[in-house]
Amino acid sequence: MAEAVGGPAERAPAAGPLAVDYLLAAYLAATGVLAALSGGGGAVVAVVHGVALAVLSRLARLPLPSGAVLQFFRMVYPLALTPLLYLELATLNQLHVTGYFDQVVQNWEEWLFGVQLSVVAAERFRLLWLSEMLHLGYFSYYFLIPAACIGAYVVRGPRALERVAFTTALAFFVCYLCFAVFPVAGPRYDFPTITGPPSDGFLFALVHQILEGGSSKGTAFPSSHVAATVSAWLAAGRETRRVFWIMAPFAVSLTVGTVYGRFHYGIDATAGLLIAAAAFAVTPWLMGRLEDGPADVVRVG
């Protein structure tokens, strides 16, 4: 793993827009234009995004808060907004497209793996303990990203936190843009629900209940669960090996669990891994460009 160099490079700027501000602004602008071009109901989304951009342009110029809690939220607020942005995707992805591209993705799955992984996984491995472990991994999504951010902030400070937040937000927004123009419902809409021993556990029931109550249809490819979690894991690992190894079993089980539980196709998870790796690789350079300064310096430890 690479470890960030300490010292002045770890200090956040005292004022002015941060790289995460530019990243959020770019996403809001792109999806706002997409919505505006559709007319009709998309006009409402475009107006909301326009107002959000105006507010963001003012808030981004405020001095960095001095208190630890406020400073933390100043760095991670784009991640805090992702649940709201996720909810609008079910509407946004039907503005220009009617229906979903599951058949296309299923064909890719067959070509790449030779089978529908989301179907055969739970059928070949009908084990309650395995199902519960993988559903625990999937459920860990809700605390892994906050844990990565907190770990980076505690160990390396606000600048490291911004790097983790930027990497994770970049992965999220790339996935969200894909959802907006290429909606895929996912295997749980097309294939039978898992039955038998894998479905008898508490965590299986909990995860499926959560998804039934708060999932946006059309957001399967690529897997944002995998992309965001793995990018946060890798980014936190660049700051501290300890957080990397603590998160490792959860990140791996989440990636496998997305397919085993029929939440995503195998190719969804694969694409999510590629986006996470790309976000991790490009973050130092892209942050440097957005801030009009050198990219963060790292050394191999």
- What orientation do Y176 and F179 show, parallel under 30°, tilted 30 to 60°, or perpendicular over 60°? tilted

- Query: Can you name the closest pair of heavy atoms from L144 and A251 and give their distance?
  - Reply: CD1-N, 4.1 Å

- Message: Grouping I, L, V, M, F, W and Y whenever their side-chain heavy atoms are under 4.5 Å apart, do Y100 and L95 come out in a common cluster?
- Response: no

- Task: State the OG1-CD distance between T270 and E109, to the nearest 0.5 angstrom.
- Result: 7.5 Å

- Task: Determine the sole option in V256, L203, L211 for which the side chain to side chain contact (heavy atoms under 4.5 Å, CB included) test with Y138 is passed.
- Result: L211

- Atom of V20, atom of M75 and distance for their closest heavy-atom approach: CG2-O, 3.9 Å

- What do you reckon, are the aromatic ring centroids of F101 and F221 less than 6.0 Å apart? no

- For the student: nearest non-hydrogen atoms of P222 and G272, plus distance: CB-N, 3.9 Å

- Should D21 and R61 count as an ion pair when the cut-off is N to O under 4.0 Å? no

- Tightest non-hydrogen contact, residues A236 and A148, listed as CB-CB, 3.8 Å

- Query: Can you say whether the rings of H208 and F263 are parallel (under 30°), tilted (30 to 60°) or perpendicular (over 60°)?
  - Reply: tilted

- Kindly give the heavy-atom pair with the smallest separation between V181 and V97, and that separation in Å. O-CG2, 3.9 Å

- Hey, is E123 close enough to R262 for a salt bridge, meaning N to O under 4.0 Å? yes

- Message: Is there a path of hydrophobic side-chain contacts, each under 4.5 Å between heavy atoms of I/L/V/M/F/W/Y residues, joining L23 to V164?
- Response: no

- Message: Is there a side-chain contact (heavy atoms from CB on, under 4.5 Å) between R238 and R156? Walk through the geometry before answering.
- Response: CA-CA 10 Å; R238 180 151 53 190; R156 292 288 186 183; over 6 Å; no

- Query: After noting the C-alpha distance and the side-chain angles of F72 and C149, does the key distance pass the side-chain contact (heavy atoms from CB on, under 4.5 Å) rule?
  - Reply: CA-CA 9 Å; F72 180 89; C149 292; 3.9 Å; yes

- Which atom names give the shortest non-hydrogen contact between D102 and A185, and what distance separates them? OD1-N, 2.7 Å

- Pairwise distance OH(Y141) to CD1(I210) - rounded to 0.5 angstrom: 12.0 Å

- Item | Point-to-point distance, once rounded to the nearest 0.5 Å, from CG of L254 to NE2 of H225 | 7.0 Å

- Item | Same cluster (ILVMFWY, side-chain, under 4.5 Å), L273 and V282 | yes

- Begin with the C-alpha distance, continue with both residues' side-chain angles, and end with the deciding distance and a verdict on side-chain contact (heavy atoms from CB on, under 4.5 Å) for F173 and L24. CA-CA 8 Å; F173 293 153; L24 177 60; 3.8 Å; yes

- Query: Do you know which of V76, L79, L286, L18 makes side chain to side chain contact (heavy atoms under 4.5 Å, CB included) with F166?
  - Reply: L286

- Task: Kindly compute the distance separating CZ (F250) from CZ (F143), expressed to the nearest 0.5 Å.
- Result: 5.0 Å

- Item | Single-linkage hydrophobic cluster, 4.5 Å side-chain cutoff, L92 and Y86 together | yes

